[in-house]
Engineer: 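Pasting in a structure now, in structure tokens, and then I'll have a few things to ask.
Per chain, numbering begins at 1; letters A, B, ... match sequence-line order.
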Amino acid sequence: MQVVGEKQNVWTAPTGRRTDEWSECLTQIAEHEDRAAFTRLFRHFAPLIKAFALSGSTMSATHADELVQEVMLKVWQKAGAFNPEKAAASTWVYTIARNCRTDMFRRLQKFDTPLAAEDFTPEQDGEEPFAQLQSKRSGERIREMMADLPADQTQILAKVYMEGKSHAEAAAELDLPLGTVKSRVRLAIQKLQVQFERV
Amino acid sequence: MATFHPQLELLTEHAAGSLSVAQSACVAAHLNYCAECRHSVVQLQNIGTALFESADPVPVGDVLLNRVLARLDEEAPLHHSSPADQAGSNATPALLQRLMQGDFSDLPWRKVTDALRITRLQTGDPNYEFALYHIKAGGVIPDHGHRGSEMTLILEGGFSDDRGTYHPGDFTYRRQEDEHAPQALADQDCICLAVLDAPLRFTGWKYRWMNPFLRLHAG
């Protein structure tokens, strides 16, 4: 049994089922419409969502607050769809925040698309429980190993993920050749042991 | 099971939400066919989660919390049942069905050559063209270089080119400098999704098919 460590209220139950305070909150919301649990969740995640909204500083503070509201309302509405066997609460909230931000950027740019960011999530959901557990474990491992990446790799990943920039935009902003950006991302992803199909 | 997959950088941008709508839709359609790449994307999203979790929090006042709490009544939690069994992995991805608003046969196909018909779908993406190609069994798309990139996903049938044979779910990404002349497999018409750079050049792109050299090839 791999022990996940004590940081961030995370522990590994003897059954191997990882649980944490935020997953419990989501379950409370789903089962009892528990506002106290929602308030705890809000106090933890709202400041992170706001930080995410303001990364890259293209969004005004007003829009960032709007995004926080939108994401947290979705969290309330959709808590029933959260499956703690499949993903950590923070991954689930991050995914909603990412989708809402993408949609908001498109709205702000008067970008008229019939597709919402949510539509881009693959339909197949029927992963085997064992595969789900594997996915979740590798997720935990990736999130732990992120801390050990060299700063130049983290910096680019932050541009891509937090600021929503393409590799090309990241290269332009950091004044680096595109090839350097791509190879740093690739190195980081290899170090994190993400599995992918070679092309 | 797909044999040809999107490059890691495309999967990463897709997972981060930084890929354009049209390209992201094409990658998402591939994921519908490909368990391996779905798994990669899930892992790549964890990079985003790690950065999100370790961001420096920006204070949010109680005013905002109270505003959200006041709205919870209008936004009752949705009751979720577990997702019903999805159609087989070879069915047209739902995202595409949404864009098509009907079957392949309902679309306004434009004839380019005897072997090739094209229809455009509206994704609203200002930077990329999103189209379906219908290639007759055994038909050839004239040899063409690309002015920009071209992403292709096979939906039905298949084609082959200098790199191999592609079947439903297979994904290719060609850059400007690549030239190729895909030929549909002999026994079945091929329908594929193509995402091309720069719709501002759509006219140019359209005319490219029409230029005398190509017309010669197309007979």
Side-chain angles (χ1 to χ4, degrees), chain A residues 29-30 33 35 39 42 46-48 50-52 54 65 68-69 72-73 76-81 88 90-91 94-95 97-98 101-102 111-115 117 119-120 122-125 135 138-139 142-143 146 157-158 160-162 164-167 182 185-186 189 192 194-197 199, chain B residues 4-9 11-14 16-19 21 24-25 28 31-32 36-40 42-53 55-60 64-65 67-69 71-72 75-80 83 85-86 89 93-95 98-99 122-126:
Chain A
I29 294 170
E33 302 191 19
R35 284 167 184 251
T39 303
F42 186 99
L48 295 177
K50 190 159 179 182
F52 177 66
L54 293 172
D65 282 347
V68 170
Q69 289 194 63
M72 291 310 298
L73 284 170
W76 172 259
Q77 284 181 298
K78 301 175 98 182
S90 53
T91 303
Y94 161 73
T95 307
R98 183 205 58 191
R101 187 177 71 168
T102 303
F111 190 114
D112 188 20
T113 175
L115 300 172
D119 298 333
F120 291 70
E123 294 147 49
Q124 276 81 9
D125 204 33
S135 284
S138 76
I142 286 167
R143 303 210 310 284
M146 278 289 291
L157 290 178
V160 172
Y161 282 91
M162 292 297 283
K165 305 267 162 65
S166 66
H167 290 60
K182 285 184 184 175
V185 170
R186 193 169 272 263
I189 285 171
L192 298 172
V194 171
Q195 293 147 352
F196 60 95
E197 297 288 320
V199 178
Chain B
F4 295 92
H5 306 272
Q7 281 81 347
L8 182 61
E9 66 189 78
L11 290 179
T12 307
E13 290 181 354
H14 176 78
S18 63
L19 203 57
V21 178
S24 216
L31 295 182
N32 237 42
E36 287 86 355
C37 289
R38 281 203 295 280
H39 184 59
S40 302
V42 168
Q43 292 182 64
L44 290 168
Q45 283 173 345
N46 279 297
I47 297 175
T49 304
L51 292 163
F52 173 71
E53 283 174 325
D56 286 334
V58 178
V60 171
L64 200 58
L65 169 61
R67 212 181 294 159
V68 174
L69 286 173
R71 284 181 61 189
L72 293 186
E75 317 274 356
L78 304 171
H79 290 283
H80 286 267
D85 286 356
Q86 300 289 345
S89 62
L95 181 138
R98 169 96 67 97
L99 292 173
Q122 299 302 331
T123 61
D125 193 322

Engineer: Using side-chain heavy atoms (C-beta onward) and a distance below 4.5 Å, is A:T113 in contact with B:D125?
Structural biologist: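 They are not in side-chain contact.
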Engineer: Could you check which of A:Q195, A:R101, A:M72, A:R186 has the highest count of heavy-atom pairs closer than 4.5 Å to chain B?
Structural biologist: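 Looking at each of A:Q195, A:R101, A:M72, A:R186 in turn, A:Q195 comes out on top.
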Engineer: Decide side-chain contact (heavy atoms from CB on, under 4.5 Å) for B:E9 and A:V185; before the verdict, give the C-alpha distance in whole Å, the side-chain angles of both, and the deciding distance to 0.1 Å.
Structural biologist: CA-CA 8 Å; B:E9 66 189 78; A:V185 170; over 6 Å; no
Engineer: Compare every heavy atom of A:M162 with every heavy atom of B:A55, then report the nearest pair and how far apart it is.
Structural biologist: CB-CE, 3.8 Å
Engineer: Is A:D112 close to chain B through its backbone or its side chain, or both, or neither, when contacts mean heavy atoms under 4.5 Å?
Structural biologist: backbone
Engineer: Can you say whether A:K165 sits under 4.5 Å from chain B via the side chain, the backbone, both, or neither, judging by heavy atoms?
Structural biologist: backbone
Engineer: To the nearest 0.5 angstrom, please state how far the CD atom of A:Q69 sits from the CZ atom of B:R71.
Structural biologist: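 It is 5.5 Å, given to the nearest 0.5 Å.
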Engineer: For the interface with chain A, which of B:L99, B:L19, B:L11 has the highest count of heavy-atom pairs at distances below 4.5 Å?
Structural biologist: B:L99
Engineer: Does A:L115 offer a backbone N or O that forms a donor-acceptor pair with the side chain of B:R98 under 3.5 Å?
Structural biologist: no
Engineer: Determine, stepwise, if the pair B:L72 / A:L73 fulfils side-chain contact (heavy atoms from CB on, under 4.5 Å).
Structural biologist: CA-CA 7 Å; B:L72 293 186; A:L73 284 170; 3.9 Å; yes
Engineer: Work out which heavy atom in B:L51 is nearest to a heavy atom in A:Y161; give both atom names and the distance.
Structural biologist: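 Heavy atoms of B:L51 and A:Y161 come nearest at CD1-CB, 3.7 Å.
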Engineer: Pick one: which of A:I189, A:V160, A:L192, A:I142 meets side-chain contact (heavy atoms from CB on, under 4.5 Å) with B:L44?
Structural biologist: A:I189
Engineer: Locate the shortest heavy-atom distance separating A:E197 from B:C37; write the atom from each residue and the value.
Structural biologist: CG-SG, 4.5 Å
Engineer: Do B:E13 side-chain atoms and A:H167 backbone N/O form a donor-acceptor pair below 3.5 Å?
Structural biologist: yes
Engineer: Do you know the tightest heavy-atom contact between A:S90 and B:E53?
Structural biologist: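 Nearest heavy atoms, A:S90 then B:E53: OG-OE2, 2.6 Å.
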Engineer: List the atom of A:G164, the atom of B:S18, and the distance in Å for their closest heavy-atom pair.
Structural biologist: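 Nearest heavy atoms, A:G164 then B:S18: O-CB, 3.2 Å.
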Engineer: Given a strict heavy-atom distance threshold of 4.5 Å, which part of A:S166 is in contact with chain B: side chain, backbone, both, or neither?
Structural biologist: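 When you check distances to chain B, atoms from both the backbone and side chain of A:S166 fall under 4.5 Å.
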Engineer: To check you understand the geometry: which heavy-atom pair defines the closest contact between B:D56 and A:A51, and what is its length?
Structural biologist: O-CB, 3.3 Å
Engineer: Is it the side chain or the backbone of B:F4 that comes within 4.5 Å of chain A heavy atoms, both, or neither?
Structural biologist: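 Neither the backbone nor the side chain of B:F4 comes within 4.5 Å of chain A.
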Engineer: For A:V68, is it the side chain, the backbone, both, or neither that has a heavy atom closer than 4.5 Å to a heavy atom of chain B?
Structural biologist: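 Answer is side chain: those atoms of A:V68 sit under 4.5 Å from chain B.
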Engineer: Go through the atoms of A:A117 and report whether side chain, backbone, both or neither lie under 4.5 Å from a heavy atom of chain B.
Structural biologist: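 Neither part.
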Engineer: A:F196 versus chain B, heavy atoms under 4.5 Å apart: side chain, backbone, both or neither?
Structural biologist: both
Engineer: Describe, in one word, how the ring planes of A:F120 and B:H14 are oriented to each other, choosing from parallel (under 30°), tilted (30 to 60°) and perpendicular (over 60°).
Structural biologist: tilted
Engineer: Out of curiosity, A:L157 CG to B:I47 CD1, how far, rounded to the nearest 0.5 Å?
Structural biologist: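 So the gap between those two atoms works out to 5.5 Å.
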